[in-house]
Amino acid sequence: MAEDVFKKIVSHCKEYGFVFPSSDIYDGLGAVYDYGQNGVELKNNIKQYWWQAMVLLHDNIVGLDSAVFMHPTIWKASGHVDAFNDPLIDNRDSKKRYRADVLIEDQMAKYDEKIQKEVTKARKRFGENFDEEMFRQTNPRLLDNARKRDELHARFKAALEANDLDEIKQIILDEGIVCPISGTRNWTDVRQFNLMFKTEVGSTAEGASTIYLRPETAQGIFVNYLNVQKTGRMKVPFGIAQIGKAFRNEIVARQFIFRMREFEQMEMQYFVRPGTELQWFQSWKEQRMAWHQALGFGAENYRFHDHDKLAHYANAATDIEFQMPFGFKEVEGIHSRTDFDLSQHEKFSGKSIKYFDPETNESYTPYVIETSIGVDRMFLSVMCHAYQEEQLEGGDTRVVLRLPAALAPTKLAILPLVRKDGLPEKAKEILNDLKFHFNCKYEEKDTIGKRYRRQDAVGTPYCITVDHDTLTDNSVTLRDRDTMEQQRVPISELRALLEDKVSITSLLKKLA
Ligand code: GAP
């Protein structure tokens, strides 16, 4: 059922100009996608919401735009050349390749689903008298699944921490995990696979040297932190925010834009005094969760998930997960990266990049809290939440994208009732005034009903209809996408009425 909904979302994205497979006329390229005319607007709005929440709302956070190509030693220093690996496993029958850790995580999610099913069934059976807590503590089937899940979790965590690839394979075998394609357990051994893309810089074979496409934007911030600190006269604590492309040769390209080989990140590194990092980690967890929840998708659709195995650079790490049609999935990571990266760059470059603190008269290497969110995953979570099929009165149905107005590609559709009698001219006059303030679309083809449906399907929060009365009373009919209610509004009041509702500022105000 949830899979069907997800398939519909993917085809809706293509049909309505949000996301196309890359190189579509050549049958696509695995895990690479292009954003169409509506997708690019939604994506830009997400980026703007993030950028403004970071850079406008914090007077100690500034931006950066560093290059994709960087000195290759950076990736040696950061640990990516040696340790940026995923454990992969192949099924000999289907010849399909999987991430071994994801197979086990999916298995844990299956136990969670079973538990949830028991609870839902019991709630239906007992109605208002249902005591969920008591049920969870006493139902034998539920307790059995919870025990299996916890045991699996403990075993998996230990295997990850020990980097024990044989044990990871053994877990897959013991759990009876089968390949979804062949249905068999004919697995190879688990191997590590480095995710960085390599290329060469320089035109002659002798002069060429290997460089990498960056797998995260963060390193561009680390190697520039002192440039920014000195030229911006920043004082610890301060942050540097960056939005940019990242590249990973993902083993398994699944779930549409959830896991891509070329994607975009929005990362912020917050430089703090050593010893204060866990306090800032907590503060950024709260701030980032508030940013997500200001979109109004419901607190129950988010959760924190602490990492089972900390990355080589972290002393605390958590993910913000969002309820997608295929389960709770990571959208953002918040990591306490200690002084690992800066110390490594100091060591590998041979240059001192210490910060002099004028308040304590000391030089030290700052500790770093990082918030790192994928633009594409954020896009997917917004789409998954917004997509709805609705049954209307009179047996009609509609597909509506209930996008937060501030993120919607088009804010206002301007529709002349008919293509004559001076109505198109009047509608264009309104367009030519409002287009300076927010994204408007003019549409005159087809019946009003069909035009409303088209705008619903791309998430336009408001439509106005210009009719014959408009020519005399200078008012239009304003239709609300969600309630479908209509009201008569003077043209002169449209801008003030809509601007506050559709602007990014309306979201930012919830955070201030
Ligand atoms: N600098 C830290 C870092 O890169 P990460 O957890 O590997 O941490 C951060 O990535 C975020 O980037 C993830 O939470 C996810 O939203 C996004 N991301 C990572 N890999 C991705 C991929 N292959 N496709 C799309 N988004 C991805």
Side-chain angles (χ1 to χ4, degrees), residues 19 22 29-33 35 43 46-47 50 64 66 68 70 74-75 78-80 83-86 88 99 101-102 105 193-197 212-223 225 239-270 281 284-285 288-289 291-292 302-314 316-322 324 328-338 340-342 344 368-384:
V19 183
S22 158
L29 178 69
V32 187
Y33 290 88
Y35 287 82
K43 201 175 177 212
I46 291 171
K47 290 196 269 188
W50 182 87
L64 179 77
S66 69
V68 168
M70 300 172 79
I74 285 174
W75 303 111
S78 67
H80 284 82
F84 193 54
N85 301 321
D86 274 343
L88 71 84
R99 268 179 62 176
D101 55 337
V102 172
E105 277 164 12
F193 178 81
N194 192 286
L195 299 181
M196 280 201 295
F197 282 106
Y212 300 95
L213 297 189
R214 65 181 177 196
E216 61 172 13
T217 60
Q219 297 303 323
I221 296 180
F222 289 123
V223 297
Y225 109 94
I240 304 178
Q242 166 157 243
I243 300 178
K245 289 271 181 158
F247 304 83
R248 294 182 191 179
N249 194 5
E250 295 287 356
I251 303 166
V252 191
R254 266 190 310 161
Q255 288 151 339
F256 191 38
I257 55 172
F258 182 78
R259 199 176 300 287
M260 301 160 87
R261 298 204 165 103
E262 174 181 342
F263 58 100
E264 216 167 348
Q265 288 186 315
M266 307 189 280
E267 299 202 295
M268 194 279 300
Q269 319 295 133
Y270 202 69
F281 175 69
W284 277 107
K285 271 177 73 172
R288 293 306 304 148
M289 189 56 106
W291 183 89
H292 285 275
Y302 298 91
R303 70 180 188 196
F304 285 114
H305 175 251
D306 294 339
H307 288 199
D308 281 330
K309 184 193 175 194
L310 290 176
H312 56 273
Y313 49 72
T318 195
D319 294 333
I320 292 179
E321 294 186 336
F322 182 74
M324 306 269 193
F328 270 99
K329 295 287 165 189
E330 172 192 345
V331 175
E332 171 157 9
I334 300 156
H335 313 124
S336 172
R337 286 179 83 130
T338 67
F340 175 83
D341 302 85
L342 294 181
Q344 287 291 98
V368 174
I369 304 301
E370 156 181 88
T371 71
S372 174
I373 171 168
V375 181
D376 312 87
R377 276 196 200 173
M378 188 60 205
F379 184 108
L380 185 59
S381 63
V382 170
M383 268 295 183
C384 289

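What's counted below: heavy atoms across the whole structure, side chains too, no hydrogens, waters or symmetry copies. Every number for a ligand or one of its atoms is a count from 1 in the order of the listing. Model, not experiment: these values are computed from the prediction.
Using a 4.0 angstrom heavy-atom cutoff, D376 does not count as in contact with ligand 1. Not a single heavy atom of E321 sits under 4.0 Å from any atom of ligand 1. Under a 4.0 Å heavy-atom criterion, H335 is in contact with ligand 1.
If you check which protein heavy atom lies closest to atom 25 (C) of ligand 1, you get F258 O, 3.3 Å. With respect to atom 15 (C) of ligand 1, the closest heavy atom belonging to the protein is R377 NH1, 3.6 Å. Scanning all protein heavy atoms for the shortest distance to atom 24 (N) of ligand 1 gives M260 N, 2.8 Å. The protein heavy-atom contact nearest to atom 2 (C) of ligand 1 is E370 OE1, 2.9 Å. What sits closest to atom 9 (C) of ligand 1 on the protein, heavy atoms only, is S372 OG, 3.0 Å. Considering only non-hydrogen protein atoms, atom 19 (C) of ligand 1 sits nearest to R248 NH1, 3.5 Å. In terms of protein heavy-atom proximity, atom 6 (O) of ligand 1 is nearest to E330 OE2, 3.3 Å. Atom 18 (N) of ligand 1 has as its closest protein heavy atom F263 CE1, 3.5 Å.
Minimum heavy-atom separation, V375 to M266: CG2-CG, 3.4 Å. Between A317 and F281, the closest heavy-atom pair is N-CZ, 3.8 Å. In terms of heavy-atom proximity, K245 sits nearest to T217 at O-CG2, 3.9 Å. Contact detail for F258 and R377: the closest heavy-atom pair is O-NE, 2.7 Å. Counting all heavy atoms, side chain and backbone alike, F193 lies closest to N249 at CE2-O, 3.3 Å. Pairing each heavy atom of D86 with each of I251, the nearest pair is CB-CD1, 3.6 Å.
Using cut-offs of 30° and 60° for the angle between ring planes, the F247 and F197 rings count as perpendicular.
The residue T217 has no part lying near ligand 1, judged by heavy-atom distances below 4.0 Å. Residue contacts with ligand 1 for R261 are absent, since no atom lies close enough (heavy atoms, distance under 4.0 Å). At a heavy-atom distance under 4.0 Å, only side-chain atoms of Q265, from C-beta outward, approach ligand 1.
Looking at R248, its side chain does come within 3.5 Å of a backbone N or O of P215 through a donor-acceptor pair.
Interface of V331 with ligand 1, defined as ligand atoms under 4.0 Å from a residue heavy atom, comprises 14 (O), 15 (C), 16 (O).
Of the N or O atoms in I257, none lie within a sub-3.5 Å distance of an N or O in ligand 1. At a 3.5 angstrom cut-off on N or O pairs, Y313 does not count as close to ligand 1. Taking only nitrogen or oxygen atoms, main chain and side chain alike, R259 does not reach within less than 3.5 Å of ligand 1. Residue-to-ligand polar distances place G374 within reach of ligand 1: an N/O pair is separated by less than 3.5 Å.
For the 3.5 Å distance criterion, the side chains of S66 and Q242 qualify, holding a donor opposite an acceptor.
Distance CD/E332 to CD/Q265: 11.0 Å, rounded to 0.5 Å.
Put simply, the side chain of F304 does not reach to within 4.5 Å of the side chain of D319, judged on heavy atoms.
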